[in-house]
Protein chains: 2
Amino acid sequence: MTELLWGKQPLPSRGPKPAVTLTGIAEAGIRIADAEGLDAVSMQRIAGELPVTKMALYRYVPGKTELVAVMSDLAMGSPPDRPDQPWREALHTWANDLYDGFTLHPWLLLSTVGRRLLGPNELAWMEQGVSALTESGLTGGEQLDSILVITSHIRNIAQQSTTFPGHTTGLTEEDMQQSLAEILTTEAARFPHLTTAMRTSAGSENQGLEFGLQRILDGLELLINGRKAST
Amino acid sequence: MTELLWGKQPLPSRGPKPAVTLTGIAEAGIRIADAEGLDAVSMQRIAGELPVTKMALYRYVPGKTELVAVMSDLAMGSPPDRPDQPWREALHTWANDLYDGFTLHPWLLLSTVGRRLLGPNELAWMEQGVSALTESGLTGGEQLDSILVITSHIRNIAQQSTTFPGHTTGLTEEDMQQSLAEILTTEAARFPHLTTAMRTSAGSENQGLEFGLQRILDGLELLINGRKAST
DNA sequence: ACGCTACTGTGTCCGGCAGACACAGTTAAT
DNA sequence: ATTAACTGTGTCTGCCGGACACAGTAGCGT
């Protein structure tokens with residue numbers, strides 16, 4: 001599995017030339033997932049886009065789980081190079097780059113969940129995030145935890161604002177808002193604070209990304225400055 | 001769908017008594033999901049635990065998607081009642097309660113993803129979170145965004161620290177750490193900052209929840225105090 | 001008392017899925 | 001030329017969600 005993700009395959013000398021490549025397979029899968037959602041990705045479907053049959057794919061990949069892992073790391077891509085900046089600005093653009101990646105391939109939100117082996121691209125993203133904090137005075141663990149918080153925030157914001165191609169019941173943002181508004185009128189008594197909060201927030205949507213990000217960065221800044229002051 | 005989640009079913013007068021109830025079905029599903037993971041939940045499997053066949057379930061629920069939604073809201077449960085506290089402490093315990101819920105039913109992390117209709121319990125959690133901030137001077141939108149950030153953080157921490165019963169490849173935390181360590185020794189040159197961060201963080205794991213939560217709360221406090229000062 | 005009718009549960013069938021396995025064709029090393 | 005490594009194919013199994021026709025049941029109006 002690690003070999004798959006990291007591309008350390010001992011290429012064979014004998015036998016016929018392979019008709020496809022692991023990367024080619026993964027790219028086909030990515031194309032399907034981008035267009036029709038992760039649920040539309042099946043071995044049959046992928047094989048249909050390649051000059052091989054379904055079973056041939058198992059020569060390249062042990063199972064679907066592993067294939068999705070390869071697809072995920074590939075789709076994630078390398079983080080874009082950014083000029084050196086102070087840690088706060090660096091993390092801010094890093095977070096936005098991450099967000100862009102998730103909106104480009106929404107299914108990544110579903111496939112990169114839970115414990116899993118990490119691929120080169122995912123590690124590259126982490127590297128870039130951590131490198132913004134090397135001069136901050138935070139410990140290694142704190143640096144990792146910091147970028148984890150930011151990643152979590154970005155992921156969930158992306159999840160909420162993205163329309164998944166297939167998979168989920170095709171609810172638009174409006175459907176949700178309307179259903180919610182409906183419920184809050186009939187059940188307002190059960191959720192008083194929520195109701196007023198919703199009412200006064202009408203129209204000021206989609207500030208969630210910046211708001212949360214600024215809070216987190218503020219919190220980090222407080223810690224970092226405190227550390228610096230106490231040395 | 002809204003009727004399903006909110007239990008507004010017009011109970012019929014004629015015809016034979018139903019052999020099961022929607023709640024009973026959902027509870028069976030929850031039992032399976034808790035024990036063997038969300039993937040183990042199938043209509044057959046649920047029917048096997050009840051005195052009905054698979055197809056009878058469709059009398060109570062339009063499809064599996066909806067059933068999982070009902071299961072999710074039911075498993076989430078109501079947030080535990082907590083005495084009134086200052087906003088920061090209230091949010092802190094609220095976050096920990098949320099974390100406990102997710103560790104009790106790890107599959108909730110998978111099933112409550114993306115846009116979806118909200119059930120009464122999920123709204124009750126939001127209500128409790130928002131109610132901690134009503135006196136804070138934040139706008140309604142900011143209150144909602146605040147609890148969203150915290151939820152995101154809790155979710156992702158739970159995701160990382162939980163072992164999913166079925167579903168994912170059964171990787172222990174150790175497997176991951178070892179694989180990661182292995183990679184970072186052979187590829188240290190590509191990820192210099194990450195490598196040093198990992199090295200210096202050895203042994204200080206599982207601080208992620210508190211660390212991130214404190215940063216977020218710090219960030220919120222900064223904003224709230226700033227607001228109060230400027231009035 | 002009786003049938004109508006709404007309602008519940010069952011069995012069968014379909015298409016699609018992941019994957020096991022045996023086998024045929026291909027190519028390089030010997 | 002033979003062998004052995006390797007790639008691709010076709011077939012089969014056991015699951016899944018769900019459509020549909022049908023049989024059984026029980027309350028209602030008459």
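Scope of the values below: all heavy atoms of this structure, side chains included, with no hydrogens, waters or symmetry mates. Lettering follows sequence order; numbering is per chain, from 1.
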| Considering only heavy atoms from C-beta outward, does the side chain of B:Arg215 approach that of A:Val149 to under 4.5 Å? | no
| said: Tell me whether the side-chain N/O atoms of B:Ser42 come closer than 4.0 Å to OP1 or OP2 in D:dC16. | reply: yes
| said: Quick check: do A:His105 and A:Ser111 have side-chain heavy atoms less than 4.5 Å from each other? | reply: no
| Worked verdict on A:Leu67 versus A:Tyr60 for side-chain contact (heavy atoms from CB on, under 4.5 Å) | CA-CA 9 Å; A:Leu67 174 55; A:Tyr60 300 84; over 6 Å; no
| remark: Assert: residue with more 5' nearest nucleotide on DNA chain D, out of B:Lys17 and B:Gly63, is B:Gly63
| query | In whole angstroms, how far is the P atom of C:dG16 from the CE atom of B:Met43? | reply | 20 Å
| request: Mind calculating the distance between NZ (A:Lys54) and C1' (D:dT11) to the nearest angstrom? | output: 10 Å
| message | Measure CD/A:Gln9 against P/D:dC6 and give the value in whole Å, please. | response | 12 Å
| query | Considering only D:dT9, D:dG27, C:dA29, which nucleotide approaches the side chain of A:Arg14 most closely? | reply | C:dA29
| task | Verify, without hydrogens or angle tests, whether B:Asp73 (side chain) and B:Glu122 (backbone) share a donor-acceptor contact under 3.5 angstrom. | result | yes
| message | If you only use heavy atoms from C-beta on, which nucleotide in D:dG8, C:dA6, D:dT25 is closest to the side chain of B:Pro16? | response | D:dT25
| request: Mind calculating the distance between OH (A:Tyr58) and P (D:dC12) to the nearest angstrom? | output: 18 Å
| task | Ignoring the backbone of A:Arg59, work out which of D:dT7, D:dT11, D:dG17 is nearest its side chain. | result | D:dT7
| task | Report yes if at least one side-chain N or O of B:Gln44 is closer than 4.0 Å to OP1 or OP2 of D:dC16; otherwise report no. | result | yes
| note | Walking DNA chain C from its 5' end, the first of B:Pro51 and B:Gly15 to be reached, judged by nearest nucleotide, is B:Gly15
| Roughly, in whole Å, what's the span from NZ in A:Lys64 to P in D:dC16? | 16 Å
| query | What is the distance, rounded to the nearest whole Å, between atom CZ of A:Arg45 and atom C1' of C:dG19? | reply | 20 Å
| task | Say whether B:Arg116 and B:Ser72, considering side chains only, have a donor N or O and an acceptor N or O under 3.5 Å apart. | result | no
| message | I need the CG-P distance between A:Asp39 and C:dC17, as an integer number of Å. | response | 11 Å
| field | Atom pair distance, as rounded to whole Å: CG in B:Leu57 and C1' in D:dG17 | value | 12 Å
| note | Quick note, B:Met55 side chain, CB onward, closest among C:dT26, C:dG11, C:dG19 is C:dG11
